[in-house]
Amino acid sequence: MNSLNLQVRIMMKRKRSPKPLPPPPSTPPTPQTQSRHSTNLSKSRLWIPLNLTRQDLSLPLTFPTGQTFRWKNTAPFQYTGVIGSHLVSLKHLQNGDVCYSLHSQSNHDAKTALLDFLNADVSLADTWEVFSANDERFAGLAQHLGGARVLRQDPFECLIQFMCSSNNHISRITKMVDYVSSLGDYLGHVEGFDFHAFPTLHQLSLVSEQQLRDAGFGYRAKYIVGAVSALQSKPGGGEEWLHSLRKLDLQDVISELSKLPGVGPKVAACIALYSLDQHHAIPVDVHVWRIAQKYLLPELAGSKLTLKLCKRVAEAFVTKYGKYAGWAQAVLFIAELPSQKAILPEHLRTIKQAKPAKIENSEEESE
DNA sequence: CGGTAACCTGGGAT
DNA sequence: AATCCCAGGTTAC
């Protein structure tokens, strides 16, 4: 009956009901979906400048590049998302400068929350200078990928998002994250997208494993329910406990997070880097592994990515790039994305054949 | 303790 | 058309 309450609350919160994509049996919280008729509130919107140039923050290189799945591209050079209870749009002006707009009642703390979320205290210029000094290729990439930042997200939101990301692809991750998001308080809609505050730990605890499975979470349904349950049993509350990890060393952060079901080294590193101030955390995925084999640890080319090698790759990144190695990883990672490679000149593009496309005759193993 | 086989799903390649 | 493969991995054996 908890879930029934949840359902009622959701129905009441929702102002509109787009098509019900994954139809759960009892609870139909629809994910955010394009619903054609968007209001034109944005026309008369008040845009406030942030003191950030495109080199400080590139929205297209920061929001749709895999560190969050909650922000939507709501117009050219414009992204909209939620920070706490603030529904915010960010966009580039013609000259590249960034400005923002609040869709909810503009509280004074909204700008503070926004700057915090953007990790605005970290100077990208200073940080990248170190990377470029230690890596000629990075210096080249930096010319084309300026403004690619690491965000400082809410830890709980980050945790759930990256639990969804494991062994998964972007489109389905986004669908799953949209579903979870729909369980939070409704905040408004922008350009056809519905936006919700991320559900609280309590709100998420009201959803069952079966509901998540029906929504297409697969085996991750069990992990999420388990992780939520584990968090609820933390003294002082799970959200507070997650925040407290910001004070720990990276090793301890990874160790603690890894105790949660569904959280392994990769997901833990993502949470650490994207939400827990662990700027030298290196999420080693297949892309980073390829980067490492090509440019960092060529002697490992061909071997399989084991836990041990995973740690070795992370160490190599920190050795080369220092205490903000995670920020360097973000840039190198973006350079690997098919969607971003197009903006790079030929000589900076990487790894034509990460996995050797099977050539005609398979009788011979190429070394 | 290191290595390996399942695991949900679905979109794209073969 | 039917399979296979892979996707920003983790768990259990």
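Order of the sequence lines fixes the chain letters, A, B, ..., with proteins taken first and strands second; residue numbering starts at 1 for each chain.
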> Please give, in whole Å, the distance from B/dG3 P to A/Lys304 NZ?
Replying inline: 10 Å
> Heavy atoms under 4.0 Å, any strand shown: does A/Gly262 hit a base, just sugar-phosphate, or nothing?
Replying inline: sugar-phosphate
> Would A/Phe195 and A/Tyr186 count as a close aromatic pair, with their ring centres under 6.0 Å?
Replying inline: no
>> Can a side-chain donor-acceptor contact be found between A/Ser208 and A/Gln211 if the only test is distance below 3.5 angstrom?
In response: yes
> Considering only the C1' atoms, how many Å lie between B/dC8 and C/dC5, rounded to the nearest integer?
Replying inline: 15 Å
> In chain order, what residues pass the side-chain hydrogen bond (donor to acceptor under 3.5 Å, both in side chains) check against A/Ser233, with sequence neighbours excluded?
Replying inline: none
>> Let's see if you can work this out: which of B/dG2, C/dG8, C/dG9 has an atom nearest to the side-chain heavy atoms of A/Lys308?
In response: B/dG2
> Rounding to the closest angstrom, what is the interatomic distance between B/dT9 and C/dA1 at atom P?
Replying inline: 24 Å
>> From OH of A/Tyr179 over to C1' of B/dT9, roughly how many Å is that when rounded to an integer?
In response: 16 Å
>> Rounding to an integer number of Å, can you tell me how far A/Leu305 CG sits from C/dC6 P?
In response: 15 Å
>> Rounding to an integer number of angstrom, what distance separates B/dG2 and C/dT11 when you compare their C1' atoms?
In response: 15 Å
>> Whether the side chain of A/Asn167 and the base of C/dC6 hold a donor-acceptor pair under 3.5 Å is what I'd like checked.
In response: no
> Expressed in angstrom and rounded to an integer, what is the separation of A/Arg220 atom CZ from B/dT9 atom C1'?
Replying inline: 7 Å
>> Please classify the nucleic acid contact of A/Ile334 as base, sugar-phosphate, or nothing, using heavy-atom distances under 4.0 Å.
In response: nothing
> Strictly by modelled atom types, are A/Ser181 and A/Arg70 linked by a side-chain donor-acceptor pair under 3.5 Å?
Replying inline: yes
> Just checking A/Val284: base, sugar-phosphate only, or nothing, at a heavy-atom cut-off of under 4.0 Å?
Replying inline: nothing
>> From the set B/dT9, C/dT10, B/dG3, return the single nucleotide nearest to any side-chain atom of A/Lys266.
In response: C/dT10
> Roughly how many Å is it from CZ in A/Phe162 to P in C/dT10, rounded to a whole number?
Replying inline: 12 Å
> Nearest to the side chain of A/Thr306 - C/dG8, B/dG3, C/dT10?
Replying inline: B/dG3
> Under a 3.5 Å cut-off on both pairing distances, which runs of 3 or more consecutive Watson-Crick or G-U pairs involve DNA chain B?
Replying inline: B:3-7 with C:9-13, B:9-14 with C:2-7
>> Work out how far the C1' atom of C/dT10 is from that of B/dG11, and round it to whole angstrom.
In response: 22 Å
>> Check this one for me: any side-chain N or O of A/Arg172 less than 4.0 Å away from OP1 or OP2 of B/dC8?
In response: no
> Atom CG of A/Asn168 to atom P of B/dG12: distance rounded to whole Å?
Replying inline: 14 Å
> Does a donor on one side chain sit under 3.5 Å from an acceptor on the other, for A/Tyr321 and A/Asp135?
Replying inline: yes
>> Roughly how many Å apart are C/dC6 and B/dC7, using the C1' atom of each and rounding to a whole number?
In response: 14 Å
> Between C/dA7 atom P and A/Leu337 atom CG, what is the distance in whole Å?
Replying inline: 13 Å
> When you match A/Ser171 and A/Leu307 each to their closest nucleotide on DNA chain B, which lands nearer the 5' end?
Replying inline: A/Leu307
> Nearest nucleotide by nearest heavy atom, which residue falls closer to the 5' end of DNA chain C, A/Tyr223 or A/Tyr274?
Replying inline: A/Tyr274
>> Hydrogens and angles aside, do A/Glu191 and A/Asn73 bring a side-chain donor and acceptor to less than 3.5 Å of each other?
In response: no
> Does A/Tyr219 get its side chain close enough to the base of C/dG9, under 3.5 Å, for a donor-acceptor pair?
Replying inline: yes
> Do we see a donor-acceptor contact under 3.5 Å between the side chains of A/Arg149 and A/Thr62?
Replying inline: no
> Is A/Lys222 near enough to B/dC8 that one of its side-chain N or O atoms lies under 4.0 angstrom from OP1 or OP2?
Replying inline: no
Give every donor-acceptor pair under 3.5 Å between a side-chain atom in residues 296-317 of chain A and any protein atom, sequence neighbours left out.
unit_1	atom_1	unit_2	atom_2	d
A/Ser303	OG	A/Leu300	O	2.4
A/Thr306	OG1	A/Leu309	N	3.4

> Checking A/Arg137 against A/Tyr295: charged group under 6.0 Å from the ring centre and within 45 degrees of the axis?
Replying inline: yes
>> In this structure, how many angstroms lie between the C1' atom of C/dC5 and the NE2 atom of A/His169, rounded?
In response: 12 Å
